[in-house]
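Notes follow the structure.
Excluded from the calculations below are hydrogen atoms, water molecules and symmetry mates; all remaining heavy atoms, backbone and side chain alike, are included. A note on names: the letters A, B, ... follow the listed sequences, proteins ahead of strands, and every chain is numbered from 1.
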There are 2 protein chains.
Amino acid sequence: MKRNLSETCYGFFSTLANPARLAIMEKLRKEPMNATTIKENLGQEQSMVSHNLRLLERCALVYSEKKGREKVYRLNIETMETIFKAVENHANKFCPKKGKCSHSK
Amino acid sequence: MKRNLSETCYGFFSTLANPARLAIMEKLRKEPMNATTIKENLGQEQSMVSHNLRLLERCALVYSEKKGREKVYRLNIETMETIFKAVENHANKFCPKKGKCSHSK
DNA sequence: ATAATATATGAAAATATATTCATATATAAA
DNA sequence: TTTATATATGAATATATTTTCATATATTAT
């Protein structure tokens, strides 16, 4: 399958490059959860959660299943475990101090 | 080593979530290269290349070695091959059409 | 020394993204 | 069938990031 890697990566990484969405992903890594529970657990605005879940789902980083009036989200474990582990390994091996690789100007 | 995964991921992904930087990474994936060659190959502004290489290096996604007045950059292959392959696999498996996972509003 | 080349830096301007607010829709409970 | 709950949507505002420009520094060649 012929794809442009840079473009694919841009979609992928920019979907993940957001603290609120990453917090959601970390929650979902533990267990599936509906949108309201996510909102309550993380103290995020309802509509922000909804916007962000849509982006995550579009990129197939999470799946959802409708359960009555709720919508239960779960992580795409196959992709995300690989990615989380790769980032963890990278950080442990190459980023000596908290904050080094992060967002100090 | 105790780290906050979300924060680590945020630094990592936001460093990668940029088309100009990804283009650099794709070039460096082929072979090491100095900043001027990158600039010429990609037609990017000199100072933008410099700013972006600094971000990539801070996050240890690339390394550099000074060679006279040039600076030769090379990919952190260990990390980046894993990541690129994971994204490629994800896209092939989960993102049926060009543009689906990408940036259509 | 002087000029040329490679890279770096900081700040301003341009652009993109996130967040909130008001409101809509859909489903279930009373 | 009215009310409550869960989620979605669009547009306005707030915030963050990127890009460019002017200029600085460092190294090599003349």
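- Across the protein-nucleic acid pair, B:Arg54 atom CZ and C:dA6 atom C1' stand 16 Å apart, rounded to whole Å.
- Projected onto DNA chain C by closest heavy-atom contact, A:Lys66 and B:His51 fall at different nucleotides, the more 5' of which corresponds to B:His51.
- A:Phe12 and B:His90 have perpendicular rings, their planes meeting at more than 60° on a 0 to 90° scale where under 30° would count as parallel.
- To the nearest angstrom, P of C:dC21 lies 13 Å from NZ of A:Lys39.
- Within the 4.0 Å cut-off from OP1 or OP2 of C:dA8, at least one side-chain nitrogen or oxygen of B:Lys71 is found.
- Contact annotation: A:Tyr73 side-chain N/O to D:dA6 OP1/OP2 distance is not under 4.0 Å.
- Residues A:Asn52 and B:Glu70 each lie close to DNA chain C; by heavy-atom proximity, the contact nearer the 5' end of the strand is made by B:Glu70.
- Rounded to whole Å, atom C1' of C:dA13 lies 15 Å from atom CE of B:Met48.
- The CG-C1' distance, from B:Leu42 to D:dT19, rounds to 15 Å in whole Å.
- By the neighbour-count criterion of 12 heavy atoms within 6.0 Å, atom CD of B:Glu65 is sparsely surrounded, having that number or fewer from other residues, nucleotides or ligands.
- Heavy-atom minimum distance, B:Gly11 versus B:Cys59: O-SG, 4.1 Å.
- Nucleotide C:dA22 holds its C1' atom 12 Å from the CD atom of A:Glu45, rounded to whole Å.
- For D:dA8, its base sits under 3.5 Å from the side chain of A:Gln46 at one donor and acceptor pair at least.
- If you take CZ of A:Arg69 and P of C:dT27, they are 11 Å apart, rounded to a whole angstrom.
- Whole-Å rounding puts the A:Gln44 CD to C:dC21 P distance at 15 Å.
- A:Arg21 has a side-chain polar atom (N or O) that falls below the 4.0 Å cut-off from OP1 or OP2 of C:dA18.
- If B:Ser47 and B:Leu55 are placed on DNA chain D by their nearest nucleotide, the residue sitting closer to the 5' end is B:Leu55.
- For the pair A:Phe13 CZ and C:dA16 P, the interatomic distance rounds to 21 Å; values are reported in whole Å.
- Distances shorter than 4.0 Å separate some side-chain N or O of B:Asn18 from OP1 or OP2 on D:dT18.
- Looking at every heavy atom in both residues, B:Leu53 comes nearest to B:Val62 through O-CG2, 4.3 Å.
- Within 4.0 Å of A:Lys67, counting heavy atoms only, lies no atom of the nucleic acid at all.
- Between the OG1 atom of A:Thr36 and the CZ atom of A:Arg69 there is a distance of 9.5 Å, given to the nearest 0.5 Å.
- Proximity of B:Tyr10 to the phosphate of D:dT17: a side-chain N or O atom is located under 4.0 Å from OP1 or OP2.
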